[in-house]
Amino acid sequence: MPTPSLTPEHSPSAQTNPPAGPDNTQPLLIRALSGQHAIERPPVWLMRQAGRYMHEYQAVRAKADFMTLCKTPELAVEVSMQPIKAFDMDASIVFSDILPPAEAMGLKLIFNDAGPCFPEPLKPDGLSQLRIPDPKADLGFMLETLKLLRAELPREKALLGFAGAPWTLATYMIEGQTSRHLHQIKSWLYNAPRTLTQLLAMLSETVARYLIAQIEAGAQALQLFDTWAGQLHPETYQQFVLPYQQQVIAAVKAAHPGVPVILYARGSRGLLPLLARSGATVLSLDEHTDLGATHQWLVENQMSHVALQGNLDPVMLWQASAQTVAQAARQIAQTGMALNAGKGYGFNLGHGILPKTPRENVQRVIEAIKSM
C-alpha cells in the first residue's frame, strides 16, 4: 500500500473543521472524542467489556467455541450487548478478535487454552502465500455483526469497530502466539528488514480496507490496537510501526473524515511524540501513563486537538474494593474533564478487563462516571 499523500486535509496532525454548534443527536462518546465541544460528563466504555467476568458471557461460551462465537453474527451481537444491558455503558465495541484478518490473508488460526495460535508461523520466504483479503467476502461475519448490532443498540449508544495494527498483527503471524520477547519478529527486523516492511505494507492495506468496511457497516468510531508496539525502541518504532499506523489512519480518514480513530499501544509512555504523529483522533493511554502530563505535552506541541482516553488500572478494578475503584475512577475522570476545557476525553481502562474482575466493581465504576 503506497504511503498516502499528506495533503493538509489528510495530514496526521490536521483538524477537521468544527461544526457550527454541538450536534446533540450524536452519541455522547462521539461528541466527546470529536473534541469540538464541552460535554456534560465523560462517556464511559471499557476495553474487553464483553468477556469472561460476566456469567452471561460464560453461558454463551458454554455453547460455542471462541471462533464460532466470533464468526456467528447473532451470537457476537448477543455478547456485544451484554455489558450494555448489564451496566448501561455509553458504547458497544463489537465482539470479535484482532486476528481474523491475518487468517483471511492465508494463515491457519486456532484458539486453544493458551490463547490464539498460528500453528505454522510465517517465515521470511512465505509472503507469496499471503493475499490481501476482501473484507466483504472474507470477513463478512464481522460486517454483518456490526449491521445487526447497530440496529439493536439504542441510538444514544455509540458503536465501535476495531482492528489490530500492522505491527501487532505481524508479531502474532511471525511468533505464532503471544510472545514475551518477540524474538522471531525481531530476527526478521535485524536479518530480513525488507521482507518485514513488505509484510507490514500488506497488513496496512488489509487493515485499512477492513476498517473502512466496518464504518460502512455501521461503526461510528474505530480503535486500532497496537498492543506490542510498546516493546520497541523509539528508533525502531519510527521505522517499523509509525509509518504503517499513519498509512492505515490516513486511508480511513480519507474515506470517512469525520469518524474518530482511537490508537492504543500498551507500554507506550516513552513513545508519546511518535504516537501523536500517527494521525489518530484519540490516544488511548495505558495505566502507566500520566493523563495530565500527556495533555500538557500535547498543548505545548500545539496538538491539543488530539483527544485522550483512559486510564484506570485493570488490576485495581480486579483487586481493590468497589469503593476504592469507584473513587479512583472518579478522580481520573475529573482530571480528564479538566483538560482542554472539558473537550476531548473519554473514560476507559488502561487495558482490558481481567477475567476474574468482580462484577460489582465494574458496576460501581460505571455508576461513578455516569453520576458526574
Side-chain angles (χ1 to χ4, degrees), residues 12-13 29 32-33 35 42-49 93 160 162 164-165 167-168 171 182 221-238 241-242 245-246 249 260-320 324-325 327-340 342-354 357 365 368-369:
S13 62
L29 180 73
L33 298 188
V44 53
W45 70 278
L46 305 178
M47 285 184 274
R48 209 181 291 142
Q49 65 187 26
I93 185 165
L160 286 82
F162 72 92
W167 172 263
T168 289
T171 296
L182 308 184
L222 302 168
Q223 180 141 320
L224 187 64
F225 288 91
D226 219 344
T227 309
W228 298 113
Q231 301 284 330
L232 299 176
H233 186 279
E235 289 184 4
T236 307
Y237 185 105
Q238 186 163 355
V241 177
L242 179 61
Q245 292 174 343
Q246 289 175 330
I249 293 170
V261 180
I262 309 164
L263 175 61
Y264 174 81
R266 192 178 189 188
S268 59
R269 58 183 170 181
L271 298 168
L272 178 59
L274 297 172
L275 290 168
R277 289 169 51 194
S278 66
T281 320
V282 186
L283 299 182
S284 186
L285 307 182
D286 71 9
E287 63 272 25
H288 305 298
T289 305
D290 186 271
L291 187 63
T294 300
H295 175 72
Q296 184 61 37
W297 186 93
L298 292 170
V299 171
E300 291 171 355
N301 288 272
Q302 299 181 334
M303 302 189 74
S304 60
H305 60 280
V306 177
L308 295 176
Q309 177 177 277
N311 60 340
L312 181 70
D313 185 352
V315 176
M316 173 182 276
L317 184 65
W318 168 28
Q319 293 285 3
T324 298
V325 295
Q327 290 173 343
R330 181 180 288 271
Q331 183 175 359
I332 290 170
Q334 287 172 342
T335 299
M337 287 294 286
L339 307 177
N340 216 21
K343 302 176 184 177
Y345 173 72
F347 182 85
N348 211 301
L349 300 180
H351 195 46
I353 297 179
L354 296 167
T357 298
V365 165
I369 302 303

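Quick caveat: nothing in here was measured; it's all calculated off a predicted structure. The first residue in the sequence is number 1, and the count goes up from there.
We find the OG-CD1 distance between Ser284 and Ile262 to be 6.5 Å, quoted to the nearest 0.5 Å. Remark: Leu339 CG to Thr294 OG1 distance equals 9.5 Å, nearest 0.5 Å. A distance of 7.0 Å separates CZ of Arg330 from CD1 of Ile369, quoted to the nearest 0.5 Å. With values rounded to the nearest 0.5 angstrom, Ile93 atom CD1 is found 9.5 Å from Leu222 atom CG. Here the CG-CG distance, from Leu272 to Asp290, works out to 11.0 Å after rounding to the nearest 0.5 Å. To the nearest 0.5 Å, atoms CG (Asn301) and CZ (Arg277) are separated by 11.5 Å.
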Query raised in the report: After noting the C-alpha distance and the side-chain angles of Trp297 and Met303, does the key distance pass the side chain to side chain contact (heavy atoms under 4.5 Å, CB included) rule?
Result: CA-CA 8 Å; Trp297 186 93; Met303 302 189 74; 4.3 Å; yes
Query raised in the report: Can you list the steps and then say if Leu232 with Leu271 is a side chain to side chain contact (heavy atoms under 4.5 Å, CB included)?
Result: CA-CA 9 Å; Leu232 299 176; Leu271 298 168; 6.0 Å; no
Report task. Apply side chain to side chain contact (heavy atoms under 4.5 Å, CB included) to Leu29 and Leu160, showing your working. Result -> CA-CA 10 Å; Leu29 180 73; Leu160 286 82; 3.5 Å; yes
Query raised in the report: Yes or no on side chain to side chain contact (heavy atoms under 4.5 Å, CB included) for His305 and Lys343, after CA distance, side-chain angles and deciding distance?
Result: CA-CA 9 Å; His305 60 280; Lys343 302 176 184 177; over 6 Å; no
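In this structure, Leu275 and Asp226 have side chains that are not in contact, with every pair of non-hydrogen atoms separated by 4.5 Å or more. Using a 4.5 Å heavy-atom threshold, the side chains of Trp167 and Gln231 count as separate. By the 4.5 Å heavy-atom criterion applied to side chains, Leu298 and Leu308 are counted as neighbours. Side chains of Leu291 and His295 form no contact here, defined as non-hydrogen atoms less than 4.5 Å apart. Two residues are said to be in side-chain contact when any heavy atoms from C-beta on lie closer than 4.5 Å; Pro234 and Leu274 meet this criterion. Side-chain atoms of His233 and Gln238, non-hydrogen and from C-beta on, never get closer than 4.5 Å to each other.
Every residue two or more places apart in sequence or in another chain was checked for a side chain to side chain donor-acceptor pair (under 3.5 Å) with Asn348, and none qualifies. For Arg48, there are no side chain to side chain donor-acceptor pair (under 3.5 Å) partners, not counting sequence neighbours. For the side chain to side chain donor-acceptor pair (under 3.5 Å) test, no residue two or more places apart in sequence or in another chain qualifies with Thr281.
Between the side chain of Tyr264 and the backbone N or O of Asp286, no donor-acceptor pair lies under 3.5 Å. In this structure, Gln246 contributes its side chain and Gly279 its backbone to no donor-acceptor pair below 3.5 Å. A donor-acceptor contact shorter than 3.5 Å links the side chain of Thr168 to the backbone of Trp228. In this structure a side-chain-to-backbone donor-acceptor pair under 3.5 Å is present from Asn311 to Thr289. A donor-acceptor pair under 3.5 Å is formed between the side chain of Asp313 and the backbone N or O of Val315. No side-chain donor-acceptor contact under 3.5 Å links Tyr345 to the backbone of Pro43.
Shortest non-hydrogen contact noted between Leu312 and Ala328 is CD1-CB, 3.9 Å. Taking each heavy atom of Leu263 and Ser278 in turn, the nearest pair found is CD2-OG, 3.5 Å. A pairwise comparison of heavy atoms in Ser304 and Val299 identifies CB-CG2, 3.9 Å as the closest pair. Here the shortest heavy-atom pairing between Gly292 and Thr335 reads N-CG2, 4.3 Å. Nearest heavy-atom pair, Ala265 versus Ala229, reported as atom, atom and distance to 0.1 Å: CB-CB, 4.5 Å. For the residue pair Met47 and Gly350, the shortest heavy atom distance occurs at CE-C, 4.0 Å.
Counting non-hydrogen atoms of neighbouring residues, nucleotides and ligands closer than 6.0 angstrom, the CH2 atom of Trp318 reaches no more than 12 such neighbours. Within 6.0 Å of CD in Gln334 there are more than 12 heavy atoms belonging to other residues, nucleotides or ligands.
A side-chain donor-acceptor contact under 3.5 Å links Gln309 and Trp45. For Glu300 and Gln296, the side-chain atoms include at least one donor-acceptor pair closer than 3.5 Å.
A perpendicular orientation is assigned to the rings of Phe162 and Phe225, their planes being inclined by more than 60° (bins at 30° and 60°).
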